[in-house]
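See below for the structure under consideration.
Keep in mind the model is a prediction, meaning the values are calculated, not measured.
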Amino acid sequence: MAAPLELRCWGGGWGLPSVHSESLVVMAYAKFSGAPLKVNVIDNTWRGSRGDVPVLTTEDSIVSQPAKILNFLRKQKYNADYELSAKQGADTLAYIALLEEKLLPAVLHTFWVESDNYFTVTKPWFASRMPFPLSLILPGRMSKGALNRILLTRGEPPLYHLRDVEAQIYRDAKECLNLLSNRLGTSQFFFGDTPSTLDAYVFGFLAPLYKVRFPKVQLQEHLKQLSNLCRFCDDILNSYFRLSLGDG
C-alpha cells in the first residue's frame, strides 16, 4: 500500500476549495490524476512560521512548490499526462512558463499589492486563518514577498518603482488570457476531453481571479468577458470539487 499523501494548503472561500493559486494547482492535479491526497487546511491553530504552502508530506518525504509536488506525484504513478504526445508535453511546459511570466504577476498584484483588495479582502481572509501574533505579521510579509516576486518576474531592478511596471503587468496578463481563450476554443480541456497538468495550472491561476469578490476588478472584468475560460473553471469546480467545497 502506498504511503499516505498529505497536503498542507490554504483553504477555500467564494465557492473555491482554495483561494490560493499554487495550492489550487496541486489540488486540481491530484483530482485529475486520482492521487489520494488528505488535505489539511491551514486554520488559526496553525504552528508554521511562514506562508510556504502548498507542502506535500509522506512517511519519508516533504515536498514543496507545485512543480516539484506534481513531479513527485507522477513518480508515484499519479500521472494526468500519460495520454499526451511529446509535442503536447512540450506545449504544456511552454504554456506554464507563459502563465508564470505573464499572468502570475497580475494575479499576485490583484491579491497582494492593489491596496483596496489587500486591505478589504486578502489581508482579513488570510489573517483569520492564522493564530495571533502571526496574523499581525505574516500577511504583510506575504504581501512583500508577492511584490518582490512580481519585480523579479518582470526582470526589473528593485530600484524600479512598481508603478513603472504596473500597467505593463496588466497588459501582459490580458494578452495571456486572450491567448488561453483562443487556445481552449470550444474544447472542454486544453488537450481534448481529459484534463492534464496544463489544465491544473490554468485552473489554479484563473479560478481565484474569477471567483473572489474584490473591490478592484480590472483583470477580473477582462476574464469574465472570456466566457470559455469562465466555463472551464465552472466545469472543473462542478466535476471535481463539488462535494468538498466550503463557502468560506
Side-chain angles (χ1 to χ4, degrees), residues 7-32 37 39-46 51 53-54 66 99 103-130 134-135 138-140 142-143 145-146 149-150 169-170 173-174 176-177 180-181 184 189 195 199-248:
L7 184 72
R8 192 74 164 141
C9 63
W10 293 109
W14 296 279
L16 297 171
S18 177
V19 303
H20 180 243
S21 284
E22 293 181 335
S23 297
L24 208 49
V25 168
V26 175
M27 294 168 81
Y29 183 87
K31 293 284 189 183
F32 299 162
L37 285 192
V39 175
N40 278 334
V41 168
I42 287 174
D43 59 23
N44 59 14
T45 64
W46 184 40
V53 291
L99 285 165
L103 185 58
L104 180 59
V107 173
L108 291 172
H109 190 278
T110 298
F111 271 81
W112 292 102
V113 181
E114 166 54 59
S115 61
D116 285 355
N117 293 347
Y118 174 72
F119 285 109
T120 62
V121 176
T122 310
K123 183 180 179 181
W125 190 93
F126 280 87
S128 72
R129 269 73 181 170
M130 301 171 187
L134 269 186
S135 56
L138 191 52
M142 292 169 74
S143 177
R149 194 166 171 185
I150 289 168
I169 284 171
Y170 281 98
K174 289 173 182 176
C176 183
L177 290 176
L180 291 172
S181 178
L184 181 63
F189 300 110
D199 299 283
Y201 269 89
V202 174
F203 173 73
F205 281 42
L206 293 191
L209 201 58
Y210 173 40
K211 292 291 188 181
V212 177
R213 290 188 285 276
F214 290 115
K216 291 287 181 68
V217 292
Q218 179 180 172
L219 196 57
Q220 192 175 65
E221 285 179 341
H222 188 80
L223 173 58
K224 288 185 175 180
Q225 293 169 11
L226 303 170
S227 59
N228 63 337
L229 293 181
C230 297
R231 186 265 309 154
F232 168 84
C233 292
D234 286 330
D235 284 354
I236 290 175
L237 287 169
N238 290 331
S239 297
Y240 293 93
F241 292 103
R242 188 168 46 197
L243 298 179
S244 60
L245 294 181
D247 59 8

Quiz item: Please walk me through it: do L7 and N40 pass side-chain contact (heavy atoms from CB on, under 4.5 Å)?
Solution: CA-CA 6 Å; L7 184 72; N40 278 334; over 6 Å; no

Quiz item: Between R231 and L229, is a side-chain contact (heavy atoms from CB on, under 4.5 Å) present by the stated rule, with each step listed?
Solution: CA-CA 5 Å; R231 186 265 309 154; L229 293 181; over 6 Å; no

Practice problem: Apply side-chain contact (heavy atoms from CB on, under 4.5 Å) to the pair V41 and W10, showing each step before the final yes or no. | Solution: CA-CA 5 Å; V41 168; W10 293 109; over 6 Å; no

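In this structure, V39 and M27 approach most closely via the heavy-atom pair CG1-CE, 4.3 Å. Of all non-hydrogen atoms in L237 and P17, the two that sit nearest each other are CD2-CD, 3.7 Å. Of all heavy-atom pairs between L103 and C176, the closest is CB-SG, 4.0 Å. Looking at every heavy atom in both residues, N228 comes nearest to L184 through O-CD2, 3.6 Å. Between T120 and P215, the shortest heavy-atom distance links the atoms OG1-CG, 3.3 Å. Nearest heavy atoms, L24 versus A207: CD2-CB, 3.8 Å.
Atom CZ of F203 sits about 10.5 Å away from atom CZ of F189, to the nearest 0.5 Å. Rounding to the nearest 0.5 Å places CD1 of I42 at 7.5 Å from SG of C9. Interatomic distance, NZ of K123 versus CG of L138, reported as 11.5 Å (0.5 Å rounding). For the atom pair CH2 of W125 and CH2 of W14, the computed distance is 7.0 Å after rounding to the nearest 0.5 Å. Between atom OG of residue S143 and atom CZ of residue F126 there is a gap of 11.0 Å, rounded to the nearest 0.5 Å.
Legend: residues meeting side-chain contact (heavy atoms from CB on, under 4.5 Å) with A30, ordered by chain and number and at least two apart, are A35, L37. Every residue meeting the side-chain contact (heavy atoms from CB on, under 4.5 Å) condition with R149, not counting sequence neighbours, appears here in chain and number order: E22, L104, L108, T153. Under the rule for a ring pair (Phe, Tyr, Trp, His ring centres under 6.0 Å), the partners of F111 that lie at least two apart in sequence or sit in another chain are F214. For K211, the side chain to side chain donor-acceptor pair (under 3.5 Å) criterion is met by D234, not counting sequence neighbours. Partners of F232 according to the ring pair (Phe, Tyr, Trp, His ring centres under 6.0 Å) rule, which considers only residues two or more places apart in sequence or in another chain, are F190.
Side chains of P66 and Y29 form no contact here, defined as non-hydrogen atoms less than 4.5 Å apart. Counting heavy atoms from C-beta outward, F241 and L16 have side chains that stay 4.5 Å or more apart.
Within a 6.0 Å sphere centred on CZ of R213, other residues, nucleotides and ligands contribute 12 heavy atoms or fewer.
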Show me, pair by pair, the donor-acceptor contacts under 3.5 angstrom made by side chains of residues 217-227, not counting sequence neighbours?
unit_1	atom_1	unit_2	atom_2	d
Q220	NE2	L209	O	2.8
Q220	NE2	V212	O	2.6
H222	NE2	N178	OD1	2.9

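Under a 3.5 Å cut-off, the side chain of S23 and the backbone N or O of S18 do not form any donor-acceptor pair.
Residues R129 and D43 are not paired through a salt bridge, judged by the lack of any N-O separation under 4.0 Å between the basic side chain and the carboxylate.
Side-chain contact of T110 with Y118: a donor-acceptor pair under 3.5 Å is absent, judged by distance alone.
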